[in-house]
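Shown next, in structure tokens, is the structure this report addresses.
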Amino acid sequence: MPTNMRREINEIPEAAERLLTQSHGVLQATGKALRERDPDFLITIARGSSDHAAHFLKYAIEQQAGRAVASIGPSLASIYGKSLKLDRAAAISISQSGKSPDIVALAQSATQAGALTISLTNTKPSPLSDACAHPVDINAGPELAVAATKSFFNSVLAGLAILSEWTLDTELQKSIRQLPEKLTEAVKLDWHELSDELGEAESLYMLGRGPSLAIASEAALKFKETSEMHAEAYSSAEVLHGPIALVDRRFPVVTFAARDAALSSVLATADGLAEKGALAFISADGAAHARRLPFIETGHPFTDALALIVPFYGFVEAWSRARGFNPDAPAALKKVTETR
């Protein structure tokens with residue numbers, strides 16, 4: 001029998017279609033609200049996989065809307081009792097359950113400070129959706145596996161859909177509409193060559209740049225959650241400023257590369273690490289030394305980057321089982337984490 005995690009990975013195309021259909025009006029209205037408010041900057045409020053989704057949206061918003069985006073530690077409100085001047089800002093809170101006290105506290109503080117507040121949750125109503133002026137149901141459906149997959153994906157997709165409505169970007173809107181069909185191909189992609197080569201590795205690097213750095217961060221977390229394997233995410237530029245010292249013969253490095261302006265530099269880094277002796281893999285064509293991982297093209301750099309997580313999820317679920325773990329129930333973890 002497939003694990004819950006595998007079933008939920010297979011459901012990503014359906015979950016994406018459900019979000020775009022059932023939450024379409026709310027996504028449009030939220031984008032319009034941003035267009036009318038025209039915020040000077042944005043903040044994000046999230047933890048764990050949700051914070052990786054926020055990191056992805058940071059890069060997308062800064063590139064597309066030209067607004068600076070900062071991640072704010074939820075403890076600012078819940079522990080330290082401080083507030084920020086946010087009357088010319090927007091705030092995006094992301095939480096699958098929508099009930100972690102620290103996330104809710106900072107969202108409430110942002111609303112009280114005058115920010116245009118948006119929540120992306122898979123549970124509505126929830127304390128977080130109640131705290132925000134524009135609550136969005138990401139419509140991922142029930143997620144039983146502890147490791148988030150389809151809820152992470154739909155959180156990013158909801159943010160991209162709002163961004164496309166905010167900026168009225170027809171190319172991004174088109175790629176989002178076509179994405180569910182593309183995802184039916186993505187869930188079938190097989191990264192077995194990576195599995196074959198990892199062997200007894202106990203540590204590895206996950207690299208990306210721009211939005212794909214957030215994908216690398218999410219991938220590193222999933223290695224830790226499902227397989228108790230040490231994985232660290234770095235920018236493909238930042239890895240050269242120190243972390244490269246740990247890369248020796250057959251040290252595994254997986255690079256998440258989208259079809260965007262960073263592609264040539266990311267390819268150069270992956271090839272350089274391969275020449276250094278690393279076991280280097282990359283989700284792109286054109287590498288001279290790093291090995292190619294299968295990927296799909298979606299017609300837009302942002303959706304290209306987001307789609308990269310889908311074959312990785314399939315890989316890491318199988319890798320976890322092969323190592324004797326249960327990816328549905330990682331040790332010492334639970335589905336809903338409530339921090340204060």
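Keep in mind that what you see is a predicted model, and the values were worked out from it rather than measured.
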Checklist entry - Hey, do the aromatic rings of Phe153 and Phe56 have their centres closer than 6.0 Å? => result no
Checklist entry - Are Glu171 and Lys174 close enough for a salt bridge, meaning some N to O gap below 4.0 Å? => result no
Checklist entry - Can you tell me if Asn10 and Arg7 form a side-chain donor-acceptor pair at under 3.5 Å? => result no
Item to check | Any donor-acceptor N/O pair, Ser320 side chain to Thr226 backbone, under 3.5 Å | outcome: yes
Checklist entry - Should the pair Arg259 and Phe295 be classed as cation-pi, given the thresholds of under 6.0 Å to the six-membered ring centre and 45° from the axis? => result yes
Checklist entry - Can you tell me how far OG1 of Thr303 sits from CD of Glu297, rounded to the nearest 0.5 angstrom? => result 10.5 Å
Next on the checklist: Whether the side chain of Thr117 engages the backbone of Ala133 through a donor-acceptor N/O pair (distance < 3.5 Å, no angle test) should be reported.
Outcome noted: yes
Checklist entry - Among side-chain atoms of Ser93 and Ser119, is any donor-acceptor pair under 3.5 angstrom? => result no
Checklist entry - Hey, are Asp87 and Lys85 close enough for a salt bridge, meaning a charged N less than 4.0 Å from a carboxylate O? => result yes
Checklist entry - Side chains of Ser129 and Ser126: do they bring a donor and an acceptor to under 3.5 Å? => result yes
Checklist entry - Should Pro39 and Leu34 count as side-chain neighbours, where that means a heavy-atom distance under 4.5 Å? => result yes
Next on the checklist: Would you say CD of Gln178 has more than 12 non-hydrogen atoms from neighbouring residues, nucleotides or ligands within 6.0 angstrom?
Outcome noted: yes
Next on the checklist: Leu20 vs Leu157, test: side-chain contact (heavy atoms from CB on, under 4.5 Å). Steps then yes/no.
Outcome noted: CA-CA 9 Å; Leu20 298 177; Leu157 182 56; 4.3 Å; yes
Checklist entry - Hey, are Asp102 and Arg47 close enough for a salt bridge, meaning a charged N less than 4.0 Å from a carboxylate O? => result yes
Checklist entry - Angle class for the Trp191/Phe315 ring planes (parallel below 30°, perpendicular above 60°, tilted otherwise)? => result tilted
Item to check | Any side-chain donor near an acceptor of the partner, Gln64 and Tyr59, under 3.5 Å | outcome: no
Checklist entry - What's the spacing between Ser97 OG and Asn122 CG if we round to 0.5 Å? => result 9.5 Å
Next on the checklist: Donor-acceptor pair, distance only, cut-off 3.5 Å: does the side chain of Asp51 make one with the backbone of Ile45?
Outcome noted: no
Next on the checklist: Any carboxylate oxygen within less than 4.0 angstrom of a Lys/Arg side-chain nitrogen, looking at Asp40 and Arg67?
Outcome noted: no
Item to check | Value rounded to 0.5 Å, distance of CD1 in Ile138 from OG in Ser151 | outcome: 5.5 Å
Item to check | Salt-bridge present (Lys150, Glu11; N to O < 4.0 Å) | outcome: yes
Next on the checklist: Ignoring hydrogens and geometry beyond distance, is a side-chain donor-acceptor pair present between His24 and Gln22 at under 3.5 Å?
Outcome noted: no
Item to check | Cationic N near anionic O, under 4.0 Å, Arg18 to Glu14 | outcome: yes
Checklist entry - Does any non-hydrogen side-chain atom of Leu106 lie less than 4.5 Å from one of Ile72? => result yes
Checklist entry - When you look at Phe281 and Phe256, which way does the ring-ring contact (aromatic ring centres under 6.0 Å, His included) test go after all the steps? => result CA-CA 9 Å; Phe281 288 84; Phe256 294 88; over 10 Å; no
Next on the checklist: Go through it in stages, so that I can follow the logic: the residues are Leu279 and Val253, the test is side-chain contact (heavy atoms from CB on, under 4.5 Å), and I'd like the CA-CA distance, side-chain angles, deciding distance and then a yes or no.
Outcome noted: CA-CA 6 Å; Leu279 182 63; Val253 180; over 6 Å; no
Checklist entry - Donor-acceptor pair, Gln96 side chain versus Thr121 backbone, under 3.5 Å? => result no
Item to check | Residue Arg88 excluded, over 12 heavy atoms near CZ under 6.0 Å | outcome: no
Item to check | Short side-chain donor-acceptor distance under 3.5 Å, Glu218 and Ser49 | outcome: yes
Checklist entry - Any side-chain heavy-atom pair from His134 and Leu116 closer than 4.5 angstrom? => result yes
Checklist entry - Salt-bridged, Lys224 to Glu228, with N to O below 4.0 Å? => result no
Next on the checklist: Please evaluate residues Ser71 and Ile43 with respect to the criterion side-chain contact (heavy atoms from CB on, under 4.5 Å), reporting the C-alpha separation (whole Å), side-chain torsions for both, the decisive distance (0.1 Å), and the verdict.
Outcome noted: CA-CA 6 Å; Ser71 172; Ile43 68 168; over 6 Å; no
Item to check | Which residues share a ring pair (Phe, Tyr, Trp, His ring centres under 6.0 Å) with His300, sequence neighbours left out | outcome: Phe302
Next on the checklist: Less than 3.5 Å apart, any donor N or O on the side chain of Ser109 or Lys82 sitting next to an acceptor on the other?
Outcome noted: no
Item to check | Ser164 backbone acceptor or donor facing Asp169 side chain under 3.5 Å | outcome: no
